[in-house]
Amino acid sequence: MRLVIAIDGPAASGKGTLSQKIAAHYGLKHLDTGLSYRAVAKALLDKGLTLDDEDIAAQTAKAVDLGAMKREELAVHAIGEAASKIAVMPRVRQALVEKQREFASLAGGAVLDGRDIGTVVCPDAPVKLYVSASPEVRAKRRFHEILARGNEADEAQILADIKVRDERDMGRSDSPLKPAKDAHLLDTSKMTIEAAFEAAKNIIDVVAIKN
Ligand SMILES: Nc1ncnc2c1ncn2[C@@H]1O[C@H](COP(=O)(O)OP(=O)(O)O)[C@@H](O)[C@H]1O
Ligand SMILES: Nc1ccn([C@@H]2O[C@H](COP(=O)(O)OP(=O)(O)O)[C@@H](O)[C@H]2O)c(=O)n1
């Protein structure tokens with residue numbers, strides 16, 4: 001069966017963790033589309049280039065190789081912030097969405113996670129999940145994630161940054177973050193990773209049986 005699973009949600013809601021578990025369980029490839037926006041931002045920052053020139057950002061986006069993106073290099077907090085700034089640019093999105101759709105058309109199906117997978121990248125996906133959690137819970141998760149990597153972090157600052165990023169991601173005119181009309185909503189605020197995975201599996205299995 002060719003199963004495409006679209007997973008969207010705000011920063012640190014747990015969509016990446018859930019996507020990896022779902023991909024492993026169903027034997028599907030996984031693409032974290034956030035990394036592609038982060039790769040553009042990092043390339044610009046590394047070269048000391050401005051984040052607000054759409055021509056330069058779009059050229060950089062065209063050169064992104066989805067197969068070469070490394071989470072360890074791109075998971076830095078500041079790169080996430082910069083990514084959401086270049087992600088408002090339509091021509092950056094166009095270049096990256098083209099590559100993401102190509103990935104989604106992989107023979108055996110795939111799991112993609114991001115902000116616009118169910119609404120723009122794969123609007124025909126048979127399974128769409130919208131993963132959320134309160135800003136406070138998400139800030140705490142990201143805070144512990146940074147500490148676990150051996151780095152220092154300020155939880156209040158992370159919460160403030162998450163709120164600004166939510167506003168930017170939900171408020172932009174091109175492909176704003178929102179649940180697709182046919183998305184299943186999964187609020188993980190009070191769920192463990194395992195409980196969120198079980199809830200997602202129950203939703204996906206119903207679709208998988210029908211197909
Ligand atoms: N349901 C959950 N309960 C507790 N921690 C979680 C849960 N889901 C994810 N996490 C943790 O929260 C952090 C952010 O999760 P991640 O999957 O990277 O979020 P996103 O991809 O939405 O940014 C990670 O450290 C992850 O282990
Ligand atoms: N499909 C996507 C994925 C990410 N993005 C942008 O890229 C930024 C970083 O995404 P990410 O998924 O890596 O961020 P986290 O949720 O891991 O913090 C987001 O804040 C969005 O602005 C997007 O616009 N569309």
Side-chain angles (χ1 to χ4, degrees), residues 6-23 30-42 51 57 61 64 66 69-90 92-101 103-104 111-122 129-149 151 153 158 161-178 180 186-200:
I7 305 188
D8 292 301
S13 54
K15 59 192 181 302
T17 305
L18 195 56
S19 300
Q20 282 171 16
K21 289 179 80 72
I22 290 171
H30 168 226
L31 177 65
D32 174 348
T33 63
L35 292 184
S36 59
Y37 291 89
R38 285 172 180 261
V40 174
K42 181 172 190 301
L51 292 173
V64 166
L66 296 187
M69 304 182 306
K70 292 198 179 72
R71 167 147 283 281
E72 320 80 78
E73 285 172 10
L74 298 168
V76 180
H77 184 66
I79 296 180
E81 298 303 303
S84 89
K85 291 182 185 154
I86 55 94
V88 303
M89 298 171 177
V92 168
R93 304 201 68 83
Q94 204 182 343
L96 296 180
V97 167
E98 203 172 295
K99 293 172 197 274
Q100 294 159 7
R101 285 193 178 135
F103 183 95
V111 182
L112 285 85
D113 77 280
R115 301 291 187 288
D116 59 344
I117 310 302
T119 52
V120 175
V121 180
C122 304
L129 302 177
Y130 188 86
V131 184
S132 67
S134 70
E136 289 73 18
V137 166
R138 290 187 280 128
K140 197 168 277 303
R141 287 178 184 168
R142 187 99 323 151
F143 172 67
H144 287 298
E145 189 183 347
I146 295 171
L147 294 191
R149 268 196 241 118
N151 297 319
I158 292 174
D161 289 348
I162 274 186
K163 287 180 174 169
V164 170
R165 190 132 72 97
D166 281 356
E167 258 180 54
R168 201 184 291 127
D169 288 349
M170 293 173 185
R172 67 183 173 222
S173 49
D174 187 353
S175 317
L177 168 65
K178 63 177 178 191
L186 208 60
D187 184 340
T188 68
S189 300
K190 292 181 182 155
M191 285 183 186
T192 60
I193 292 176
E194 245 352 276
F197 177 54
E198 285 303 316

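Both backbone and side-chain heavy atoms feed into the values below; hydrogens, waters and symmetry mates do not. Every number for a ligand or one of its atoms is a count from 1 in the order of the listing.
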| message | Within ligand 1, which atoms have a heavy atom of E145 less than 4.0 Å away? | response | 13 (C), 14 (C), 24 (C), 25 (O)
| said: Looking only at protein heavy atoms, which one is nearest to atom 17 (O) of ligand 1, and what is the separation? | reply: T17 OG1, 2.5 Å
| query | At a 4.0 Å cut-off, with the gap strictly under it, does some heavy atom of A195 reach an atom of ligand 1? | reply | no
| task | Would you check if D116 and R93 make a side-chain contact, meaning some heavy-atom pair closer than 4.5 Å? | result | yes
| message | Just to be sure I read this right, does ligand 1 sit under 4.0 Å from the backbone of T192, its side chain, both, or neither, counting only heavy atoms? | response | backbone
| remark: The answer for which part of S84 has a heavy atom under 4.0 Å from ligand 2 is both
| Roughly how far, to the nearest 0.5 Å, is the CG atom of L96 from the CE atom of M89? | 12.0 Å
| request: Counting heavy atoms only, name the option from M170, H77, R165 that's nearest to atom 9 (C) of ligand 2. | output: R165
| note | The closest protein heavy-atom partner of atom 3 (C) of ligand 2 is T33 OG1, 3.4 Å
| Could you state the interatomic distance from CD (E167) to CD1 (I162), rounded to the nearest 0.5 Å? | 13.0 Å
| task | Count the heavy atoms of every other residue, nucleotide or ligand shown that sit under 6.0 Å from NZ of K99, and state whether that count exceeds 12. | result | yes
| request: Say whether, by atom type as modelled, one donor and one acceptor occur between the side chain of S19 and the main chain of D113 under 3.5 angstrom. | output: no
| remark: heavy-atom search around atom 12 (O) of ligand 2 in the protein gives R115 NH1, 3.0 Å
| said: I need the atoms of ligand 2 closer than 4.0 Å to a non-hydrogen atom of D116, numbered in the order shown. | reply: 1 (N), 2 (C), 25 (N)
| message | Below 4.0 Å from ligand 1: does a non-hydrogen atom of A12 turn up there or not? | response | yes
| Numbering as shown, the atoms of ligand 2 that approach G34 to under 4.0 Å (heavy-atom distance) | 3 (C), 4 (C), 10 (O), 11 (P), 12 (O), 13 (O)
| query | So is A196 polar-close to ligand 1, meaning N/O to N/O under 3.5 Å? | reply | no
| query | Just wondering, do M170 and P176 contact through their side chains at under 4.5 Å, heavy atoms? | reply | no
| Any sub-3.5 Å donor-acceptor pair from S134's side-chain atoms to V137's backbone N or O? | yes
| request: May I ask you to check if ligand 1 and T188 share an N or O to N or O distance below 3.5 Å? | output: no
| Closest non-hydrogen protein atom to atom 7 (O) of ligand 2, residue and atom name please, with distance? | Y37 CB, 3.5 Å
| Can you tell me the protein heavy atom closest to atom 13 (O) of ligand 2 and the distance? | R38 NE, 2.6 Å
| request: Output the distance between atom CZ (R165) and atom CD (E81), rounded to the nearest 0.5 Å. | output: 5.0 Å
| field | Heavy atom of the protein closest to atom 19 (O) of ligand 1 (residue, atom name, distance) | value | G14 N, 3.2 Å
| request: Indicate yes or no: does an N/O atom of D113 lie under 3.5 Å from an N/O atom of ligand 1? | output: no
| field | Spacing of I158 atom CD1 and H77 atom NE2 [to the nearest 0.5 Å] | value | 6.0 Å
| Interfacing atoms of ligand 2 (cut-off 4.0 Å, heavy-atom, A87) | 6 (C), 22 (O), 24 (O)
| query | Is the shortest heavy-atom distance from the side chain of V131 to the side chain of D8 under 4.5 Å? | reply | no
| said: Distance check, rounded to the nearest 0.5 Å: D166 atom CG versus L177 atom CG? | reply: 7.5 Å
| task | Determine, step by step, whether S36 and M69 satisfy the side chain to side chain contact (heavy atoms under 4.5 Å, CB included) criterion, reporting the C-alpha distance in whole Å, the side-chain angles of both residues, the deciding distance to 0.1 Å, and the verdict. | result | CA-CA 7 Å; S36 59; M69 304 182 306; 3.9 Å; yes
| CZ-OG distance between R142 and S13, expressed to the nearest 0.5 angstrom | 8.5 Å
| remark: atom 21 (O) of ligand 1: closest protein heavy atom, distance to 0.1 Å, is G16 N, 2.9 Å
| note | With heavy atoms and a 4.0 Å threshold, my read on which part of R172 contacts ligand 2 is side chain
| field | Any N or O of K15 closer than 3.5 Å to N or O of ligand 2 | value | yes
| task | Start with the C-alpha gap between L35 and D32, add the side-chain angles, then the distance that decides, and say whether side chain to side chain contact (heavy atoms under 4.5 Å, CB included) holds. | result | CA-CA 6 Å; L35 292 184; D32 174 348; 3.6 Å; yes
| query | Who's closest to atom 10 (N) of ligand 1 heavy-atom-wise, of E194, R141, R142? | reply | R141
| Polar contact flag for R93 and ligand 2 (N/O pairs, less than 3.5 Å) | yes
| query | Is the shortest N/O to N/O distance between Q100 and ligand 2 below 3.5 Å? | reply | no
| query | Would you say E136 has more than 12 foreign heavy atoms packed within less than 6.0 Å of its CD? | reply | yes
| task | Without swapping roles, check the side chain of R149 against the backbone of N151 for a donor-acceptor pair under 3.5 Å. | result | no
| Are T33 and R38 close enough that a side-chain donor and a side-chain acceptor fall under 3.5 Å? | no
| said: Keeping R115 on the side-chain end and D169 on the backbone end, is there a donor-acceptor pair under 3.5 Å? | reply: no
| query | Atoms of ligand 1 less than 4.0 Å from P10 heavy atoms? | reply | 22 (O)
| task | Check each heavy atom of M191 against ligand 1 and say whether those closer than 4.0 Å belong to the side chain, the backbone, both or neither. | result | backbone
| Are any of the N or O atoms of R142 closer than 3.5 Å to those of ligand 2? | yes
| Given L177, D169, L112, which has its nearest heavy atom closest to atom 19 (C) of ligand 2? | D169
| request: Looking only at protein heavy atoms, identify the closest one to atom 27 (O) of ligand 1 and say how far it is in Å. | output: I193 CD1, 3.9 Å
| message | I need the nearest protein heavy-atom contact for atom 22 (O) of ligand 1: residue, atom name and distance, please. | response | K15 NZ, 2.8 Å
| task | Tell me which part of A12 gets within contact of ligand 2: side chain, backbone, both or neither, using heavy atoms under 4.0 Å. | result | backbone
